[in-house]
Amino acid sequence: MGGSDLGQRQIFLMKKENLAKRVQNFYETNKNSEHLIQYMVAILVRNALSQGTFTEQLKDLIREVYLTTEPNDTMRQYSPFFKTCFNGGEWKTIIKKLFKKESNYYAATEEARFYNNYLEKQGTLDNRREGLVYHVESIFEDASGKKHKLTIRDTDPTKDEELTANILRTLTTLTIFENTGVRKFVELVSYKTPGVVIATAYNCRKEEKAAAQDSLDEKDSIEASPKVSQRKIIEKQAVQNGPAKSGAGQTLLAERDPRKKQNAEITPVNEELPETPLTECVASPTSQDTKRTRNKSTSSSKDDLSDNSNLPKPQSIKGDSKKKSTNAAALIQNPDTVYKRIGKTAEQIAKGREDKRIKREVDRLNGKKKKKKKKK
């Protein structure tokens, strides 16, 4: 570009009176309608984001170019941005001059008409605060991937993120702005409205990362669902195929632990339990009579078990660690009757009550009713 050409600082930072004079001087000196039209589009972008009017003083210059200058591709490409500068009859004349047919106009100006719709929209947010001055700081990538900052001062904060971003993207259609021969404004990266109050902000890279993360999460969910279903099937089969003989014990454990209640409810109750459940409990010996009573009770239990080989064999339980690991069969063996004796200890009383409670629960699960004592 020549020495009299306009740059980014002049277009976006100069006051509107000085800017209008610079644009008119440029065209009078160079008569370059292609550069002039692209400068005017950039000014329209600034005008759409700001609260001032930068195009009123340049309407006559645009009318002169489109009505008197020989048509070129730049005039055709950006013609929708200047439709409001002409009345109905003049606009039809320009369409005929530039495109011959109206259908050609719509086919060649699709992108320009898209961005021009955003330039003409008004802000809808209710976020303006009196006494504050807003401005937009945007980041663009050039043709080589290098980032450039563009600041537009005294902007309108009522325009939302989508509207502001698409207004800024209009600059990506321009080729007039360069840096050492490399085209600027190739892609909008982000923008923000810094200051005491942030009106709106936008970052296309964050949106791309969020969309990519959502896609990965959805894919992981789809891949994991068959494994979850298979695990649920295996757990269900394990519950249904569990040992039948421990059904009553599992139900009792479920009563103590609510987390196991669901599995215990679908486990069949053992139909081969003896009419009188046998429980072997280790009581703390306090005398020789206590030892003899326990030995006698154990011997009678062995005689009863010899008549029915299907019953579970009694297992010895020693220590607190063994009590925690016992299964249901160990809970339904011969009860210790030492608590019936006079002079029982507190531990024996508690143990006796627990054994009675377990026996009642087992009888209830087996459908057995409590036998009433006959009067002599």
Side-chain angles (χ1 to χ4, degrees), residues 6-16 19 23 37-55 77-78 80-81 110-180 182-214:
L6 300 175
Q8 174 180 325
R9 292 180 60 85
Q10 289 79 21
I11 295 295
F12 296 105
L13 296 178
M14 289 183 69
K15 293 183 179 180
K16 60 182 179 180
L19 179 60
V23 172
I37 289 171
Q38 292 202 41
Y39 289 146
M40 287 300 301
V41 172
I43 294 173
L44 286 173
V45 170
R46 181 182 180 183
N47 188 74
L49 290 175
S50 67
Q51 302 180 62
T53 302
F54 291 85
T55 58
Q77 179 182 355
Y78 297 103
F81 291 104
E110 182 177 358
E111 183 181 34
R113 287 183 287 109
F114 171 80
Y115 286 116
N116 187 51
N117 289 333
Y118 289 101
L119 296 184
E120 296 175 349
K121 287 185 178 181
Q122 300 297 320
T124 57
L125 301 179
D126 185 17
N127 59 353
R128 188 192 301 275
R129 293 179 59 178
E130 295 297 331
L132 295 181
V133 177
Y134 299 86
H135 60 279
V136 172
E137 291 182 358
S138 56
I139 303 296
F140 286 85
E141 266 190 8
D142 63 14
S144 64
K146 185 178 179 179
K147 292 181 175 60
H148 295 272
K149 183 178 179 181
L150 172 64
T151 300
I152 301 178
R153 303 183 185 279
D154 194 18
T155 56
D156 182 5
T158 65
K159 298 182 184 294
D160 58 31
E161 291 85 353
E162 180 184 5
L163 180 56
T164 304
N166 281 309
I167 291 174
L168 290 170
R169 285 195 182 98
T170 306
L171 298 176
T172 63
T173 66
L174 305 178
T175 60
I176 193 66
F177 298 101
E178 296 181 351
N179 183 30
T180 63
V182 179
R183 177 189 166 196
K184 288 184 177 180
F185 308 137
V186 172
E187 181 183 356
L188 174 65
V189 177
S190 63
Y191 88 84
K192 61 181 179 179
T193 56
V196 178
V197 177
I198 296 178
T200 59
Y202 167 82
N203 192 324
C204 67
R205 303 298 166 83
K206 289 183 178 180
E207 291 185 357
E208 292 173 357
K209 289 181 181 180
Q213 185 63 38
D214 292 341

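Position 1 is the first residue of the sequence; numbering continues from there.
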Using the side chain to side chain contact (heavy atoms under 4.5 Å, CB included) definition, which of the options V189, V186, T172 pairs with F140? T172
When rounded to the nearest 0.5 angstrom, what is the spacing between [atom1] in [X] and [atom2] in [Y]?
{"X": "Y134", "Y": "R129", "atom1": "OH", "atom2": "CZ", "answer": "6.5 Å"}
{"X": "L171", "Y": "Y115", "atom1": "CG", "atom2": "OH", "answer": "10.0 Å"}
{"X": "N117", "Y": "I167", "atom1": "CG", "atom2": "CD1", "answer": "11.5 Å"}
{"X": "M14", "Y": "R46", "atom1": "CE", "atom2": "CZ", "answer": "9.0 Å"}

May I ask you to decide if [Y]'s main-chain N or O and [X]'s side chain share a donor-acceptor pair within less than 3.5 Å?
{"X": "Y78", "Y": "I37", "answer": "no"}
{"X": "N47", "Y": "I43", "answer": "no"}
{"X": "T155", "Y": "L49", "answer": "no"}
{"X": "R169", "Y": "L188", "answer": "no"}
{"X": "K159", "Y": "K121", "answer": "yes"}
{"X": "N127", "Y": "P157", "answer": "yes"}
{"X": "R183", "Y": "L174", "answer": "yes"}
{"X": "Q8", "Y": "F177", "answer": "no"}

V41 vs I176, test: side-chain contact (heavy atoms from CB on, under 4.5 Å). Steps then yes/no. CA-CA 11 Å; V41 172; I176 193 66; over 6 Å; no
Is any side-chain heavy atom of [Y] closer than 4.5 Å to one of [X]?
{"X": "E137", "Y": "H135", "result": "yes"}
{"X": "N179", "Y": "H148", "result": "yes"}
{"X": "K184", "Y": "L150", "result": "no"}
{"X": "F114", "Y": "N166", "result": "yes"}
{"X": "N116", "Y": "L44", "result": "no"}

Worked check of side-chain contact (heavy atoms from CB on, under 4.5 Å) between T193 and T164: CA-CA 11 Å; T193 56; T164 304; over 6 Å; no
How close do [X] and [Y] get, heavy atom to heavy atom, and via which atoms?
{"X": "L125", "Y": "D160", "value": "CD1-CA, 3.7 Å"}
{"X": "A42", "Y": "I11", "value": "CB-CG2, 3.8 Å"}
{"X": "T151", "Y": "L13", "value": "O-CD2, 3.8 Å"}

Please test R128 against D156 for side-chain contact (heavy atoms from CB on, under 4.5 Å), starting from the C-alpha separation and ending with a verdict. CA-CA 8 Å; R128 188 192 301 275; D156 182 5; 2.9 Å; yes
Is E162 atom CD crowded by more than 12 heavy atoms from other residues, nucleotides or ligands, each under 6.0 Å away? no
Working for side-chain contact (heavy atoms from CB on, under 4.5 Å), residues E161 and Y191: CA-CA 9 Å; E161 291 85 353; Y191 88 84; 3.9 Å; yes
